[in-house]
Amino acid sequence: MSNAMSQTSGTIYTETVIYSATEAFAADVPYQTAIVTLDAGGRVTGRILGERVRIDDRVARVEFRDGVPFFRKIA
């Protein structure tokens with residue numbers, strides 16, 4: 001695995017689905033957040049795009065929005 005990929009991919013440590021959010025995020029509900037254990041080390045909290053993830057699923061970071069990393073499930 002390349003170093004670049006290891007910095008943007010990881011494994012779901014824990015996850016939750018948000019059904020009730022503050023006004024700033026009300027249009028986004030429901031949405032999933034997760035803590036991702038990065039392949040390069042450390043953990044980061046981010047949002048999940050697309051298919052719902054579960055603990056131990058593999059994900060890759062696909063974008064940043066307003067400083068928040070967004071991840072998508074990978075095979």
Side-chain angles (χ1 to χ4, degrees):
M1 178 180 304
S2 72
N3 190 37
M5 179 59 98
S6 69
Q7 293 179 25
T8 61
S9 61
T11 304
I12 298 297
Y13 175 72
T14 190
E15 57 77 29
T16 191
V17 176
I18 308 298
Y19 291 99
S20 179
T22 63
E23 187 175 321
F25 300 102
D28 296 341
V29 296
Y31 62 90
Q32 189 175 28
T33 63
I35 297 176
V36 178
T37 301
L38 299 172
D39 293 340
R43 289 187 177 138
V44 63
T45 301
R47 296 254 316 250
I48 303 299
L49 295 175
E51 182 182 350
R52 184 171 177 188
V53 297
R54 308 234 180 257
I55 293 171
D56 292 330
D57 281 349
R58 298 284 299 152
V59 294
R61 190 181 72 217
V62 293
E63 66 180 280
F64 271 101
R65 284 190 225 158
D66 299 319
V68 176
F70 281 72
F71 292 87
R72 187 175 301 276
K73 186 176 180 176
I74 56 177

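Since the model is a prediction, treat every value here as computed from it, not as a measurement.
Here the side chains of R72 and V59 are not in contact, with every heavy-atom distance at 4.5 Å or above. Counting heavy atoms from C-beta outward, S9 and R58 have side chains that approach closer than 4.5 Å.
Remark: R65 engages E63 in a side-chain hydrogen bond (donor to acceptor under 3.5 Å, both in side chains) (not counting sequence neighbours).
Cluster annotation: I12 is connected to V44 through the hydrophobic network of ILVMFWY side chains, with a link wherever side-chain heavy atoms come within less than 4.5 Å. Under a hydrophobic clustering in which Ile, Leu, Val, Met, Phe, Trp and Tyr are joined whenever their side-chain heavy atoms come within less than 4.5 Å, directly or via other members, I48 and V62 fall into different clusters.
In this structure, I35 CD1 and I55 CD1 are separated by 10.0 Å, a value rounded to the nearest 0.5 Å.
R52 and D57 are not joined by a salt bridge, as no carboxylate oxygen comes within less than 4.0 angstrom of a charged side-chain nitrogen.
Under the 6.0 Å distance and 45° angle rule, R61 does not count as a cation-pi partner of F70.
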With a cut-off of 3.5 Å and sequence neighbours excluded, list every side-chain donor-acceptor pair involving residues 24-33.
{"residue": "Q32", "atom": "OE1", "partner": "V53", "partner atom": "N", "Å": "3.0"}
{"residue": "Q32", "atom": "NE2", "partner": "E15", "partner atom": "OE1", "Å": "2.9"}
{"residue": "Q32", "atom": "NE2", "partner": "V53", "partner atom": "O", "Å": "2.9"}

How far apart are the C-alpha atoms of Y13 and R43, what are their side-chain angles, what is the distance that settles it, and do they pass the side chain to side chain contact (heavy atoms under 4.5 Å, CB included) test? CA-CA 8 Å; Y13 175 72; R43 289 187 177 138; 3.0 Å; yes
